[in-house]
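The residues of the chain are indexed from 1 along the displayed sequence. Whatever order the structure lists ligands and atoms in, that order sets their numbers, starting from 1. Worth knowing before you read on, the calculation uses all heavy atoms, side chains too, and leaves out hydrogens, waters and symmetry mates. What you are looking at is a predicted structure, and each value in this text was computed from that prediction instead of being measured.
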Amino acid sequence: MKIPSYKRCADSPIQQFVPPNRVRVPIDKMAPIIKQGDHIEAGMLIARTDSDARWQFRRHSPLTGEVVAIEEKPNNGNEYQEIIIEGNAPTTARPNKHNVSNSFSSDDIVSAAREAGIVGMGGGMFPTYAKLSPNVPIDCVIINASECEPYMTCDHRVLLEHRDEVESGLELAKQAVGAKRGEIANDKHGYPFGYENFIIRNLLGREVPSGGLPKDVGVVVINVQTAQTLHHAVYGQQPLTQRVVTVDGDAVSKPGNYLIPIGTEIGYVLEQCATDLESTALLLGGGPMMGKPVDLDSPVTPGMGAILALTATQIQKANDGPCVRCGECLEACPLGLPAGLLSEQPDESVLECIECGICQYACVGSRPLLDKLREAKAQIRKAKAGSV
Ligand code: SF4
Ligand code: SF4
């Protein structure tokens, strides 16, 4: 099934708007190391995981100013916090180029990635330092530049405008894992063939085992902006405090690719992009296939590649009618999964689902299959954990 790409921002150069005077920096899985009333500088560490946590996360302030509050936020039962900072973004822009003649050890690169708080900017938000210290032999690092989700063009622009920085990040990642081969993969087969397991199959002919990871077949895959951020962390000691986001949808009058501080409220972004909120029927963080509904006060996160303000005519309404067993979802699924059946009677095969949403797009009854599959996966995982 061919999903329309709607890449109308592909020719829009990366822009910046007036930075916000307030950000709400999300600190999921971390604890704040600052308190209300503290003065902080842009780039300063403001939250981190305990030193004995299995995965280490760090977050840094995008603004110089004051911590005005630390708020608890509900998130489907998983509470997290937001650090609200009022102040100003640095007046000096991040230098684009650094002196790249230095040489670094694998440990230097892994530690720079960890301390800069770099996470997968393709959406996964898994800590990059952990990917770069896989403890198994890796012979190839792939930068996934496929960006196959409809509308999203932020990585395309970063690669076009800052290819040298992305290539430098690729070299650093290769050095970190000891890989000889590095590739920038730009699969053009459309959605969902930019998914990393498909990229590995098409590029290297290797099959990531069900439930496995790319490292199981000797590969590390990182996103374009993750690689760029790694370059800035290693050569410029700069933490992850900003990212390029595609802002689009028919309700947006100034769509484009914008460099935005992490924690900027989506309402502020939409205001800067002249968005008609009255005609916005669905607000998404991420692309239309895998993105999640967000509010005006939701923050931009490191993994948020798009903000879409879609009008009623752009969205397919879910109606949760009965399944008519037409088989369209099975036909459309790139993994051959019977989505309709699995959403009602899940078994372990649902764990293979990559949550691409194509089955929902194909469903003749417009059933909300993706939510049901996500629930089914959570149920099966819980049952498996309980039986161990
Ligand atoms: S079942 Fe999962 S992998 Fe298959 S189309 Fe649906 S969301 Fe995608
Ligand atoms: S496409 Fe929809 S209606 Fe058809 S079998 Fe799948 S879930 Fe049922």
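- Taking the six-membered ring where tryptophan is involved, the planes of Tyr6 and Tyr151 are essentially parallel, since the angle between them stays under 30° and well short of 60°.
- When hydrogens are left out, the protein atom nearest atom 6 (Fe) of ligand 2 is Cys329 SG, 2.3 Å; that is the closest non-hydrogen contact.
- When non-hydrogen atoms are compared, ligand 1 lies under 4.0 Å from the backbone of Glu355 (N, CA, C, O) but not from its side chain.
- The part of Arg325 lying near ligand 2 is the backbone, judged by heavy-atom distances below 4.0 Å.
- The shortest contact between atom 2 (Fe) of ligand 2 and any protein heavy atom is with Cys363 SG, 2.4 Å.
- Put simply, the side chain of Glu183 does not reach to within 4.5 Å of the side chain of Ile199, judged on heavy atoms.
- For atom 8 (Fe) of ligand 1, the set of nearby N, O or S atoms under 2.8 Å includes none belonging to Cys353.
- Residue Gly327 places a heavy atom under 4.0 Å from ligand 2.
- Side chain of Glu82 to main chain of Arg24: no donor-acceptor pair is present (N/O by atom type, distance under 3.5 Å, no hydrogens or angles).
- For atom 8 (Fe) of ligand 1, the closest non-hydrogen atom on the protein side is Cys356 SG, 2.3 Å.
- Formation of a donor-acceptor pair under 3.5 Å by the Glu149 side chain with backbone atoms of Met289 is found in this model.
- Nearest-heavy-atom check against atom 7 (S) of ligand 1 across Pro192, Ser343, Gly357 picks out Gly357.
- In this structure, the side chain of His60 does not engage the main chain of Thr241 through any donor-acceptor pair within 3.5 Å.
- Under a 3.5 Å cut-off, the side chain of Asp295 and the backbone N or O of Asp297 do not form any donor-acceptor pair.
- In terms of protein heavy atoms, atom 3 (S) of ligand 2 is closest to Val324 N, 3.5 Å.
- No side-chain donor-acceptor contact under 3.5 Å links Ser146 and Asn186.
- Between atom CD of residue Gln175 and atom CG of residue Leu172 there is a gap of 5.5 Å, rounded to the nearest 0.5 Å.
- At a heavy-atom cutoff of 4.0 Å, ligand 1 is contacted by the side chain of Leu373 but not by its backbone.
- Protein heavy atom in closest approach to atom 4 (Fe) of ligand 2: Cys326 SG, 2.3 Å.
- Atoms of ligand 2 lying under 4.0 Å from at least one heavy atom of Gly340, given by number and element, are 7 (S).
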